[in-house]
Structures are given as C-alpha cells and as structure tokens.
Amino acid sequence: MNLDLTDVALFVRVCATRNLSAAGREFGLSPAASSARMAQLERQLGARLLHRTTRQIALSQDGEVFLERAVALLDAAEQARASVGAGREPQGLLRVAASVSFGRLHLMPWLPAFLERYPGLQLDLRLSDRVIDLAANGIDVTIRNGPLHDSALIARVLAPSRLLLVASPAYLARHGTPQRPQELSAHQCLVLEGVNPWNFRDADGSLISVRVGGRMRSDNGEAMRDAAMAGLGIALQSTWAVYQQLKSGALVPLLAQYPMALNSVVSAQYLNRNFLPPKTQVFIDYLAARFGPAPYWDEGLPGIGN
C-alpha cells in the first residue's frame, strides 16, 4: 500500500482545523477534491478516519490512532528530505504558536526580516493564550512564557522572563505604596487567571505567599497591564510586557527587594526529540540571537531588583 503524503498531510490539517474545506484550501484543493482525497485515504487504509456531518468533523477511534502515526510519518519524510539537502535553504510551511501578547510585542517586529532572510519559507502564526496541542494542530514550534515543566516537549530557553509588580503613579498617590508583600492584601490587585497567590522571596530566601484580590481579573496579561496604567490597581507582569511603560514612567516597579519566587523563562518548545527540521532550527536560532540571557527589554529598566 502506497500512501500519498499529500493525503496524509491533508488529514493532519483536517484534524487540526476540524474543517475539511479550510484544510483543503491550504493545499490548493476545492472542497470536492479535499473530500475525494480523504475518501481515497480511508479506502487505502480500510478504515473510517473521520465522522463527517454538515456541521462538524470528528475523529473516529481509528482516526485517533492514525493521527499519531501520520504526524510521525510526515516528520520522517521531512527528515529524509533534509538528509539529502544539506546546505540548501530551509523550505516549506513553518507553523508557529505563541501567546497573544508576546507574539504581538516580540515576534511580529522580527518576522519581516526573518522571512526576507529565508525566502523559501512560509509562516503560519497562531496567537492564542490557551496551551495548544502541538501534535493535534500540526504546530512545529511554540514560544511559551513561564516556568519549564516536565513534559513530552523539548524546550530551549531563549531568554529570562523576569516578573515584577507594577502600578501607575496615580494609583500609588491615592492608595499609597506597599513596602512589604503582606500589605498587598489591603490593595486592589489585578489578578491574572491562574496566578494567585503571589509568591515572593525575602532577603534570606524564605518564601512569602500572599493571596491577593481586587475588583478586576482577566485571562489576558495585556488587559491587566492596561488596567494598571489606568490606575485600577497593582499588576504582576513580565518585564517584556511592561518595559516601555517602565521606561516612560507610566508604570512604577514595586517591592523590588522582594523578587518573585516563580522562575519564568521564554522558551521554544517542540515535539520531536530525535530530529529538528531545518525550518524549525533556523527559526529558533534566529529568536535566540535576538533575545538571549540579557534581552533588550531588560536593558536600562529603572529600580528593578535581580
């Protein structure tokens, strides 16, 4: 049985998008042609891979099993192509995922030069604050912010992601400036979903944990930053998100003598432990060269403790 890799790749994209027509458009196929190719793949395999109705597409049990093998098959094909293409420019579609805030602030400004450097690449950039399943969505690499966790993903640290508390001068003029983490319970704190309590280290390294609250919370870090600038309270932010506001004085750092206990980084994470396609490797290397252990967003920040 000889499987057409285009059919396999189309199947993987259908699983990611849950939309046969949208997946087909990525391959230059009409809806009818996309449906015919999926039917051909199912005939070759002798199994129903997808349950299709007029409203939705769902994976069958056989489809779930085949999806994992299909991704591995495409990876192997990419590896085979790369093994005979040493020295050639990276080619193909690179699928990248990142958080909305970091993607807009620190990926978008560098992407034009990256695409100009590698004219054989096309880029599919997915910005979302939810954690994306790389295999199910066909993502080559995801750029994540936060602590490194044990997982099936391989991670390369691109830069530190230093955390600090910030507030506007107007808020501090009205409510005073906290001198100790314990005083935060008397303040309006802007709580990012999933990040409460706030944990600090004192001078001897002991942990100080403070459960905070206030009148506003959100699942988006940029919303919390903007709320802090509007004087609505104190926000926990990464320096990459607020470096411009700190330099302009629109936001003021707080409790620098009590560093946050969370060890957060910016990292590139990907699936395949044994082989990294050239297109993915050059993208990660490109970002690492522009961020690094002393990223530009930390340069010259006022009143930031280490």
Side-chain angles (χ1 to χ4, degrees), residues 1-86 88-98 118-128 130-142 151-154 269-283:
M1 177 178 60
N2 296 316
L3 295 180
D4 188 323
L5 287 182
T6 300
D7 293 346
V8 176
L10 176 61
F11 167 71
V12 171
R13 291 306 296 152
V14 171
C15 295
T17 62
R18 292 296 194 270
N19 187 306
L20 183 59
S21 297
R25 282 195 296 271
E26 297 182 16
F27 293 82
L29 299 173
S30 68
S34 301
S35 182
R37 297 198 76 139
M38 284 298 92
Q40 173 181 283
L41 180 61
E42 289 177 326
R43 285 195 300 272
Q44 287 182 299
L45 294 171
R48 171 72 69 180
L49 302 177
L50 302 168
H51 296 304
R52 282 168 272 182
T53 69
T54 55
R55 293 188 176 182
Q56 64 181 2
I57 290 178
L59 276 171
S60 69
Q61 186 173 2
D62 285 334
E64 291 177 355
V65 172
F66 183 65
L67 175 59
E68 182 177 352
R69 299 301 178 92
V71 171
L73 178 61
L74 295 175
D75 280 346
E78 180 77 27
Q79 183 174 359
R81 283 193 293 268
S83 68
V84 296
R88 294 191 312 184
E89 286 293 306
Q91 304 284 325
L93 178 63
L94 176 65
R95 295 187 175 94
V96 177
Y118 299 104
L121 289 180
Q122 301 88 47
L123 183 66
D124 182 347
L125 178 63
R126 307 296 177 90
L127 298 183
S128 174
R130 65 183 179 88
V131 176
I132 293 178
D133 185 318
L134 272 63
N137 290 277
I139 300 297
D140 296 298
V141 60
T142 180
S151 73
L153 298 181
I154 314 305
Q269 300 186 25
Y270 50 93
L271 276 170
N272 199 315
R273 183 178 298 274
N274 299 315
F275 171 71
L276 190 60
K279 63 182 181 181
T280 309
Q281 183 70 66
V282 296
F283 182 72

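The structure displayed is predicted, hence computed values, not measured ones.
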Q: Do you know which two heavy atoms are closest between A47 and D62, and how far apart they sit?
A: CB-OD2, 3.6 Å

Q: Taking R95's backbone N and O only, do any of them form a donor-acceptor pair with D140's side chain (distance below 3.5 Å, no angle check)?
A: yes

Q: Around atom CD of E68, are there more than 12 heavy atoms from other residues, nucleotides or ligands closer than 6.0 Å?
A: no

Q: Mind jotting down which residue pairs meet the ring-ring contact (aromatic ring centres under 6.0 Å, His included) criterion with at least one end in residues 26-53? Sequence neighbours excluded, please.
A: none

Q: I need the L271 CG to D133 CG distance, nearest 0.5 Å.
A: 8.0 Å

Q: Going by salt bridge (Lys or Arg N to Asp or Glu O under 4.0 Å), name the pairs with one or both residues in residues 30-47, residues two or more places apart or in two chains.
A: D4-R37, D7-R37, E42-R48, E42-R52

Q: Could you tell me the separation between the OG atom of S35 and the CG atom of L50, rounded to the nearest 0.5 Å?
A: 9.5 Å

Q: Provide the closest heavy-atom pair for L74 versus A9 in the form atom of the first, atom of the second, distance.
A: CD1-CA, 3.7 Å

Q: Using side-chain heavy atoms (C-beta onward) and a distance below 4.5 Å, is I132 in contact with T142?
A: no

Q: Determine whether L67 and V12 make a side-chain contact, defined as any pair of heavy atoms from C-beta on separated by less than 4.5 Å.
A: yes

Q: Compare every heavy atom of I57 with every heavy atom of L20, then report the nearest pair and how far apart it is.
A: N-CD1, 3.5 Å

Q: How long is the straight-line distance from CZ of F11 back to CG of L49, given to the nearest 0.5 Å?
A: 5.0 Å

Q: Where do T280 and L94 land on the side chain to side chain contact (heavy atoms under 4.5 Å, CB included) test, with the steps shown first?
A: CA-CA 7 Å; T280 309; L94 176 65; 3.9 Å; yes

Q: How far does CG of L29 sit from CE of M38, to the nearest 0.5 angstrom?
A: 9.0 Å

Q: Just do the side chain to side chain contact (heavy atoms under 4.5 Å, CB included) check on L59 and R18 with the steps written out, would you?
A: CA-CA 9 Å; L59 276 171; R18 292 296 194 270; 4.3 Å; yes

Q: Listed by chain and number, what are the side-chain hydrogen bond (donor to acceptor under 3.5 Å, both in side chains) partners of D124, not counting sequence neighbours?
A: R126

Q: What distance do R69 atom CZ and L3 atom CG have between them, rounded to the nearest 0.5 Å?
A: 13.0 Å

Q: What is the minimum heavy-atom distance between S34 and G24, and which atoms define it?
A: OG-CA, 3.1 Å

